Asker: 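Take this structure, written in structure tokens, and hold onto it; I'll ask about it next.
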Amino acid sequence: MKNDAANFFDRRGFLKAGSLTTLTALLGTNIVFADRLPKQYLPVAFDIDPLATKNKNLVVLNDKPWNVETPAYLLDDAVTPADKMFIRNNGLIPENIDVANWILTINGESVNAPKTYTLNDLKTKFKPYTYQLVVECGGNGRAGFFPKTAGNQWAEGGVSCAEWTGIRLKDLLADVGLKDNAVYIGYYGKDLHLSRDPKQPVISRGVPIAKALEDETIIAWAMNGEAIPLVHGYPLRLVIGGWPASVSGKWLHTIAIRDKVHDGAKMTGKSYRIPIHPVVPGVDPPEGDFKIIESMPVKSVITSPKTGLELPIGQTLSLRGHAWAGDRTVKDLHVSIDFGQTWQKADLKAPKNRLAWQHWTAEVQMPIQGYYEVWARATDEVGVAQPMVMPQWNPEGYINNACHRIAVKVV
Ligand SMILES: Nc1nc2c(c(=O)[nH]1)N[C@H]1C(S)=C(S)[C@@H](COP(=O)(O)O)O[C@H]1N2
Ligand SMILES: [Mo]
């Protein structure tokens with residue numbers, strides 16, 4: 001039953017007769033008021049929802065649509081497993097996915113002629129590649145902005161770095177044939193608007209053609225060596241590392257090659273945009289004064305220990321985590337136990353491939369008993385470091401890359 005909650009409902013969102021039989025059999029008794037279950041609801045005893053395959057310690061920020069955050073200590077794996085991957089949906093997970101007839105269409109003003117591909121075409125006609133890619137929500141860190149901004153209050157866990165397998169978008173576009181005037185791409189996915197109106201777009205974003213044609217921009221059908229989980233875009237997903245994750249379109253069915261900046265849902269207005277010029281916190285300038293977020297800023301996370309550790313005096317504290325820097329690499333990682341007065345260099349590894357996060361480790365010694373914070377600070381290859389406190393405030397609460405802090409009590 002894993003991952004298939006949507007298949008339990010009919011087109012109108014009510015339990016199918018067949019599903020009811022299955023659930024009754026599993027429960028060993030009948031569901032007395034089954035006909036009164038709200039649309040899209042399963043008996044809670046089954047816990048079949050997008051989280052059915054998720055680690056129970058993830059934090060649900062919203063369930064309509066699903067927005068689920070991974071606490072920092074659960075990001076400890078080198079490669080993020082499916083059960084610890086954050087979820088960010090803008091609409092409803094598509095229902096009744098027909099994999100056998102799934103078609104990817106490439107169209108738009110800047111293709112010579114539109115072309116379609118079956119999943120099998122993609123898997124057999126092009127060379128597959130596997131990359132580990134940082135997928136970080138543009139709103140990750142929003143909870144740290146003051147004054148508060150609207151939107152899901154992500155702390156630090158709206159980020160993942162899984163291994164994605166698929167084909168290079170550039171190989172596919174070479175097969176389609178582009179015109180010289182291509183400037184942007186835009187994706188379309190099969191998810192439904194919260195209103196359930198199929199004509200209402202949910203989200204349709206994209207990137208400039210240069211980013212689209214990078215080696216690591218892929219159309220993926222597998223994550224960590226298995227089919228992509230439903231909630232993460234099954235059966236096909238665009239994966240673009242290093243940029244706001246909103247450009248990595250799930251449940252992908254169409255990519256438009258545009259002769260202008262893509263103008264799909266959440267591409268315009270103030271969505272995924274920040275003011276061109278710094279603003280005083282709390283000031284919301286007019287739409288024309290915003291620019292699209294491109295590469296994400298340098299950032300790091302402490303994944304071990306979990307915040308709140310009690311450490312016996314005299315014991316060395318081993319720290320570890322990851323660091324990443326959008327399109328750039330991370331050059332240095334430092335840790336501090338004295339609120340940023342002094343910094344100690346950590347051991348930092350190279351990324352597995354471009355646009356993957358980098359692992360770091362450090363050992364620190366606390367001098368006396370008492371309360372400490374461990375701060376981690378990454379510096380990218382051009383020397384830009386994470387701010388120790390809140391960076392430039394922006395009205396939508398994007399790209400907060402302040403140092404991650406954990407609490408440690410030496411007893
Ligand atoms: N079709 C579709 N793609 C989407 C979204 C969505 O709502 N619909 N959300 C985007 C946003 S804002 C984020 S942060 C990532 C989240 O990816 P994940 O849920 O697999 O972690 O998916 C992106 N791709
Ligand atoms: Mo996002």
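Keep in mind that what you see is a predicted model, and the values were worked out from it rather than measured. We use all heavy atoms of the structure for the numbers below, so side chains are in, but hydrogens, waters and symmetry mates are not. Numbering of ligands and ligand atoms starts at 1, following listing order.
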Asker: Which residues satisfy the side-chain hydrogen bond (donor to acceptor under 3.5 Å, both in side chains) test with Thr254, sequence neighbours excluded?
Answerer: none
Asker: According to side-chain hydrogen bond (donor to acceptor under 3.5 Å, both in side chains), who are the partners of Asn394, at least two apart in sequence or on a separate chain?
Answerer: none
Asker: Within the 3.5 Å criterion, strictly below it, is a donor on Gln358 or Thr329 matched to an acceptor on the partner's side chain?
Answerer: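 Result is no, nothing qualifies.
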Asker: Tell me whether Lys331 is salt-bridged to Glu381, with the criterion being a basic N under 4.0 Å from an acidic carboxylate O.
Answerer: no
Asker: State whether the number of non-hydrogen atoms from other residues, nucleotides or ligands found under 6.0 Å of Lys179 atom NZ is greater than 12.
Answerer: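 It does: Lys179 NZ has more than 12 such atoms within range.
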Asker: Please produce the table of protein N or O atoms sitting under 3.5 Å from N or O atoms belonging to ligand 1, one pair a line, distance to 0.1 Å.
Answerer:
from: ligand 1; atom 1: 1 (N); to: Asp191; atom 2: OD1; distance (Å): 3.1
from: ligand 1; atom 1: 1 (N); to: Asp191; atom 2: OD2; distance (Å): 3.3
from: ligand 1; atom 1: 1 (N); to: Lys250; atom 2: O; distance (Å): 3.0
from: ligand 1; atom 1: 3 (N); to: Lys250; atom 2: N; distance (Å): 2.9
from: ligand 1; atom 1: 7 (O); to: Asn90; atom 2: N; distance (Å): 2.7
from: ligand 1; atom 1: 7 (O); to: Asn90; atom 2: ND2; distance (Å): 2.9
from: ligand 1; atom 1: 8 (N); to: Asp191; atom 2: OD2; distance (Å): 2.6
from: ligand 1; atom 1: 9 (N); to: Arg88; atom 2: O; distance (Å): 3.3
from: ligand 1; atom 1: 9 (N); to: Asn90; atom 2: ND2; distance (Å): 3.2
from: ligand 1; atom 1: 17 (O); to: Arg237; atom 2: NH2; distance (Å): 3.0
from: ligand 1; atom 1: 19 (O); to: Arg88; atom 2: N; distance (Å): 2.9
from: ligand 1; atom 1: 19 (O); to: Lys250; atom 2: NZ; distance (Å): 2.6
from: ligand 1; atom 1: 20 (O); to: His232; atom 2: ND1; distance (Å): 2.6
from: ligand 1; atom 1: 20 (O); to: Arg237; atom 2: NH1; distance (Å): 2.7
from: ligand 1; atom 1: 21 (O); to: Phe86; atom 2: O; distance (Å): 2.6
from: ligand 1; atom 1: 22 (O); to: Arg237; atom 2: NH2; distance (Å): 3.2
from: ligand 1; atom 1: 24 (N); to: Ser248; atom 2: O; distance (Å): 2.9

Asker: Show which side-chain atoms of residues 150-161 pair as donor or acceptor with protein atoms under 3.5 Å away, not counting sequence neighbours.
Answerer:
from: Asn152; atom 1: ND2; to: Asn67; atom 2: OD1; distance (Å): 3.3
from: Gln153; atom 1: NE2; to: Thr149; atom 2: O; distance (Å): 2.9
from: Gln153; atom 1: NE2; to: Gly151; atom 2: O; distance (Å): 2.9

